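Everything below concerns the one structure shown next.
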Amino acid sequence: MQDTLLQQGMDITVFGMGIVFSFLMALVIATGIMSRIILRNFPEATTPSSGSQTPDDVRLRAIIKAAIQQHRNRNQK
Amino acid sequence: MQDTLLQQGMDITVFGMGIVFSFLMALVIATGIMSRIILRNFPEATTPSSGSQTPDDVRLRAIIKAAIQQHRNRNQK
Amino acid sequence: MQDTLLQQGMDITVFGMGIVFSFLMALVIATGIMSRIILRNFPEATTPSSGSQTPDDVRLRAIIKAAIQQHRNRNQK
Amino acid sequence: MENLANLWQSSGVYQMAWGQFTMILVGLLLLFLAIRKNFEPLLLVPIGFGGILANIPGAHLALSAAETALVSGDSGLLFQVSQMLGMDNPSSVHAMREAVAAAPAAVQTQVTQLALDAGYGNGMLYNFYSVAIASGVAPLVIFMGVGAMTDFGPLLANPRTLFLGAAAQFGIFATVLGAVGLSVAGIMDFSIADAAAIGIIGGADGPTAIYVSSLLAPDLLGAIAVAAYSYMALVPLIQPPIMRALTTPAERKIEMVQLRHVGTREKITFPLLLLILVALFLPSAAPLLGMFCFGNLMRECGVVARLSDTAQNALINITTIFLGLSVGSKLAADKFLDPKTLGILALGIIAFAIGTASGVLMAKLLNVVSKNKINPLIGSAGVSAVPMAARVSNKLGLESNPHNFLLMHAMGPNVAGVIGSAVAAGVMITMVRTMTG
Amino acid sequence: MENLANLWQSSGVYQMAWGQFTMILVGLLLLFLAIRKNFEPLLLVPIGFGGILANIPGAHLALSAAETALVSGDSGLLFQVSQMLGMDNPSSVHAMREAVAAAPAAVQTQVTQLALDAGYGNGMLYNFYSVAIASGVAPLVIFMGVGAMTDFGPLLANPRTLFLGAAAQFGIFATVLGAVGLSVAGIMDFSIADAAAIGIIGGADGPTAIYVSSLLAPDLLGAIAVAAYSYMALVPLIQPPIMRALTTPAERKIEMVQLRHVGTREKITFPLLLLILVALFLPSAAPLLGMFCFGNLMRECGVVARLSDTAQNALINITTIFLGLSVGSKLAADKFLDPKTLGILALGIIAFAIGTASGVLMAKLLNVVSKNKINPLIGSAGVSAVPMAARVSNKLGLESNPHNFLLMHAMGPNVAGVIGSAVAAGVMITMVRTMTG
Amino acid sequence: MENLANLWQSSGVYQMAWGQFTMILVGLLLLFLAIRKNFEPLLLVPIGFGGILANIPGAHLALSAAETALVSGDSGLLFQVSQMLGMDNPSSVHAMREAVAAAPAAVQTQVTQLALDAGYGNGMLYNFYSVAIASGVAPLVIFMGVGAMTDFGPLLANPRTLFLGAAAQFGIFATVLGAVGLSVAGIMDFSIADAAAIGIIGGADGPTAIYVSSLLAPDLLGAIAVAAYSYMALVPLIQPPIMRALTTPAERKIEMVQLRHVGTREKITFPLLLLILVALFLPSAAPLLGMFCFGNLMRECGVVARLSDTAQNALINITTIFLGLSVGSKLAADKFLDPKTLGILALGIIAFAIGTASGVLMAKLLNVVSKNKINPLIGSAGVSAVPMAARVSNKLGLESNPHNFLLMHAMGPNVAGVIGSAVAAGVMITMVRTMTG
Ligand code: NA
Ligand code: NA
Ligand code: NA
């Protein structure tokens, strides 16, 4: 039984580490291919990264812009 | 059996469409009565519509107002 | 049975009120001790109270500060 | 033609009983009070709306699959259920519903499986109630949120005010005695568990009342919650006459010493101290006060601001919506339109009055034995009803002495009242279980 | 070596069947449409992703514990299950899965307990589906949020537009007839429940479609939801040719009277009025329209802004994530890759077309009998698909008359269409249950 | 008098065992570390508080109804349970609890129904644990939120850093061997499932550790989660000496080429690519990596900003609160105060050390075979512990070369480590199930 436990532990280690490496190596290769295809076919004109602006931010900025604009108008009088 | 299925389909269509129309007609009538009662008994002095202002908006505006006020005060010195 | 119900009610009242008082008295004493220990060992240089500022507030103020700063800079030109 | 008849039979008008009609009016009344009179709208809007939904005839939104099967099933199904229940000749569907509710869990499972096989399902509000209230989770999450919104600063600056919060709980126990008295006098028929659940109305704390009655008297939950929230909204009407009657003009003019600054360390330590006292002396109050302390610790510790913020906003709002609708599910006509509801409403207002009086009198008693005088107007804030009761104290104080701002002083007994009624809840749950269990 | 073999056998490539491969491509296609073509991305991103997850071979994410046990269990376990089901010689695992699904609830419980004892558990997506959709809660919560986002002002200013919302529901019922016709003709094999669920695609309302098909035809839910959301996104392509074909240039130029101001009182009263009509006449629509009215009341009553805000943001977003993934769980290859799906897709687009045409024709009919003329272009907005259909009306109006802004006028029929299809849903659920129950 | 005795017996002091007292101190220690020492406070505040709640004597907050019945029930009830379990002469209540846990699901249901009939219910924390962790949902939702917060840009700019994330997972497997070794040597008694769950601490990823141990070793979950989060907080202490010992000053001064700009298309495609590789080769990692990729796709696709925002805020915060309290429920004295916990704590720190070393050594190895040199200090970031480990790399880099900012370079291996440990988790779950099933 104890032998078996040790054997099981060895199995997990060897196969586990092997699969982690193989999988991430496959990912490295696939990522490389993916990036090359995209960079070749869709050369981007440096677009600003999306996905991180929440609607709140947008609203907030709009309101503040408006507030400042309004303030400036009054000062100009 | 197939006849029955067809019959069932016809039933759903006829009664279904009938009830949709009857219900929405009842709603048209009831809405009309409701609006007339309210407009007659509570003629509003055009109140600004509520319900869409969140506390956030209110807070935001208060803060911005304060910020601008503070800013103006400083400029006046 | 009715007697028992009355008895049960009396029990709940007497013991209940007693325990509420004893517990809160224990809390008064413990709080007093706690405050004394803290005030003696960690005399605070009046720190601003924490815990009530949400990250939103912080962000909001930062943005407004920036907006005003930016505005002032422009005015100074 | 048969189809038209079926539709007509399934329509509300055909099935509407007077009870359901009345309860829909009650629901509309609650909505009116909430929206026009500002009676605790965050709770009474969902409760009132849920009450209307629960009473839509034929929709069965507040019934379990088994109950729906009993109400709508054919005689064959009813016969099968009566066999499962071992009832030879059930007198009525109502009797069968009660028998199912009283049956062992294994039998209930059988009946439910039969109902599911026959195509019946749980109503929407029944599901909400099971998840939000029967599991206990919604009142506890609300309590956590309330903890995250509570500032114990004024209490820590003047811990004596805890006694005011303790005294005001006498309203709870006097009401228990009142309910028992009504039963003994044969006017009502409240069990000791019912009496305890009704008493907690005097705690003037909604989630505590819902938590206790979900455990001790689920059938009365609707009436108890409605009474608790309505009277909390009525605090500005109920309390002032009592406060004026029990105090002299001179007492009402007492100015209190300004509260000392309370530091972060004390504020962080307090919820832990309270938790440990609960652990040592009152395990039955652990769920309520534990979640309350947890919320307060998140608020004060300063390192989990995003959790505290969520507990005070998204989470408590979501929970409030479902808690309210679930309470509404208990406004079914056959439960609410009962003389007991009148008893509950009457006892509830007495509870508030006695709690208010006890708080004021305790403040006067403390003044007898201590040097730093307390304005007895803040005693009434001990019933909790945060922050309404504290505002009432402040308002009456300003009437007598325009320079006397009692608000912060009244916040001490006000939050003490929350702790006090949670303690009372724990005691009553333990004692009732011992008595009936 | 044995371990390596086990891992290989558990890996996707070994287990991938063509069906799953195809469905992963379908999932990627949905993601492409959502992300690049902006097809209702809030729903189609989670649905498409969930569809891919559901088809990962060997992961069993969309299967219950019992189904996983049947798919992966050894012959001993399969024998035990066949005994429980009373099948002497089951022809295939697939037959056993169907037998479990059709078995009484008590037998299902037994099979599930056996599967749990053997170490199998519910898949992640199966759990999501049970909690979010099988319980009915997610579509109802979305409906509440939609209610909280809906402004009934334009409808109240011109209640006649409710008729346009009614007429456009003819798309639903024509599709029911179409589905029945395909069955009668022997081309497809739809039951009456299937036909009703397919018809609801014509309601152009995602949560309603999901709610109805979860009750009447859960196996078709994936295809129905995908069709409903895809066609809603295609409204700007589907509707204009029909609208142009059915109207004259003169009609398209009709300018409508500016809408009167609608006050708060009317807006607060309307959801309650609608609720009461539902309670009186259509209890089967109570869950959908009840939650819708509740959301709208929270919005308009002005005293529960924080609840309304949560219903429109955190709560609806959380629910949308899990609703989408759950719908995706119904994109399993054996359910979706079926000729029925083609039938559903074909019938769905016909439903949209007929609904659009009916709305436009009804507007022309109203013009015959009334003085204040309606621009028939707003009739198409009656299918709902809020706010896309109203924008289409506006766009076509501007093409004919650059000074004619129809957007607000079209919002009336647009929200009327939501009510109309919820009513249709209630009617169909009641009638189908009466027919099949 | 009897009542007073009952209350005393139900009070904490009477029932408090030394174990519970110790565990309350442990809970307070965790709170101290979280609040004063900033040890992963978002998790350790709820975990520590939950740990205290779980150990309140007499409150039974972490027990199921059946367990509460066994602990508090009278001899009659215990006899009934022993009959159900087929135990003639149970040696202790503890033995009965274990027998219930090991019993078939049908028997567990019977015992639970008996407990419910006797008036016992699930404890609050037990309910939280069932819903949040036993179902698997909370760690998966957290992973989705983490995905929505993760920027794969640095990884995509330099995909080789995935090898560093792979190498650092050797900490996991070395720890599995260590746990097995302790068992073989007779010092501890870990099963292979225990060893795998302990190993995952080395993944330095909280939700992964909780997910794996909830599946493989629920009894050890408390200790494993505490170890994982504590050591993640200790990364700035654990890693630097190892990093310094394994690198030369010259290596630490290596400046890395600035990362290229990575476009939106690549960022959108990457989570789908990863998902497809998982689908093809590693279905057992599908729940964790699937939700992770889903969160990341929501972030990057740009069309579901409101869902992404909710996943990163309200939803992950709500889930964190309940996940933390649920983990705390596993800090019950009888589970945590066990020599195994010492073993877990010792093995956990070894795991972190080995993972750090492997990452650094792999970076040096890559430098041998490639032209663009990697600063080996970023190798240690491969253990994940995002973003702490990357900051440590940056700090040590600046010490050696004040112009060398490694932060963005270290983010690549840092997020690679998250993928790596999720892959390792999937492998181990599959292999352990094959071995023990
Ligand atoms: Na109170
Ligand atoms: Na519609
Ligand atoms: Na890792």
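Just the heavy atoms: all of them, side chains too, but no hydrogens, waters or symmetry mates, feed the values below. Numbers restart at 1 for each chain; the letters A, B, ... are given by sequence-line order, proteins then strands. Treat the numbers as computed from the prediction; the structure is a model and nothing was measured.
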Chain F-proximal positions within residues 125-145 of chain E [heavy-atom distance under 4.5 Å]
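Interface residues of residues 125-145 of chain E: E:Asn127, E:Phe128.
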
If the contact rule is any heavy atom under 4.5 Å from chain F, which residues of residues 69-85 of chain E qualify, in numerical order?
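Listed by number, there are no contacting residues, so the answer is none.
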
Measuring from atom [atom1] of [X] to atom [atom2] of [Y], what distance do you get when rounded to the nearest 0.5 angstrom?
X        : Y        : atom1 : atom2 : value
F:Leu307 : E:Ile316 : CG    : CD1   : 10.0 Å
E:Arg36  : F:Arg265 : CZ    : CZ    : 4.5 Å
F:Phe294 : E:Leu325 : CZ    : CG    : 4.5 Å
F:Asp309 : E:Asn313 : CG    : CG    : 9.0 Å
E:Asn317 : F:Leu315 : CG    : CG    : 9.5 Å

Using non-hydrogen atoms only, which part of [X] is less than 4.5 Å away from chain F: side chain, backbone, both, or neither?
X        : result
E:Ile318 : both
E:Ile35  : both
E:Ala34  : backbone
E:Leu114 : neither

Considering all heavy atoms, the nearest [X]-[Y] contact:
X        : Y        : value
F:Arg306 : E:Gln312 : NH2-O, 2.6 Å
E:Ala314 : F:Ala314 : CB-CB, 4.1 Å
F:Val303 : E:Pro41  : CG2-CB, 3.5 Å
E:Ile56  : F:Ala286 : CD1-CB, 3.8 Å
F:Gly290 : E:Phe49  : O-CE2, 3.3 Å

Please identify, among F:Thr109, F:Leu275, F:Leu215, the residue contributing the most non-hydrogen atom pairs under 4.5 Å to chain E.
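So the answer, after comparing F:Thr109, F:Leu275, F:Leu215, is F:Leu275.
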
Tell me if the OH atom of E:Tyr120 is crowded by more than 12 foreign heavy atoms within 6.0 Å.
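More than 12 within 6.0 Å, yes.
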
Counting only heavy atoms closer than 4.5 Å, note whether F:Ile268 contacts chain E via side chain, backbone, both or neither.
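For F:Ile268, the contact with chain E is made by the side chain alone.
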
Counting heavy-atom pairs under 4.5 Å to chain F, which of E:Gly123, E:Pro46, E:Gly119 comes out on top?
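The residue among E:Gly123, E:Pro46, E:Gly119 with the greatest pair count is E:Pro46.
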
Report the option among E:Val45, E:Leu116, E:Asn38 that has the most heavy-atom pairs separated by less than 4.5 Å from atoms of chain F.
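Among the listed options, the one with the most contacts to chain F is E:Val45.
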
Side chains of F:Leu297 and E:Leu31 in contact at under 4.5 Å (non-hydrogen atoms)
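Sidechains of E:Leu31 and F:Leu297: in contact.
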
Side chains of F:Gln108 and E:Gln113: closer than 4.5 Å at any heavy-atom pair?
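Of all side-chain heavy-atom pairs linking E:Gln113 with F:Gln108, none is under 4.5 Å.
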
Check for a donor-acceptor pair, side chain of E:Asp117 on one end and backbone N or O of F:Ala105 on the other, with a separation under 3.5 Å.
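Indeed, once roles are kept as given, a pair shorter than 3.5 Å links the two residues.
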
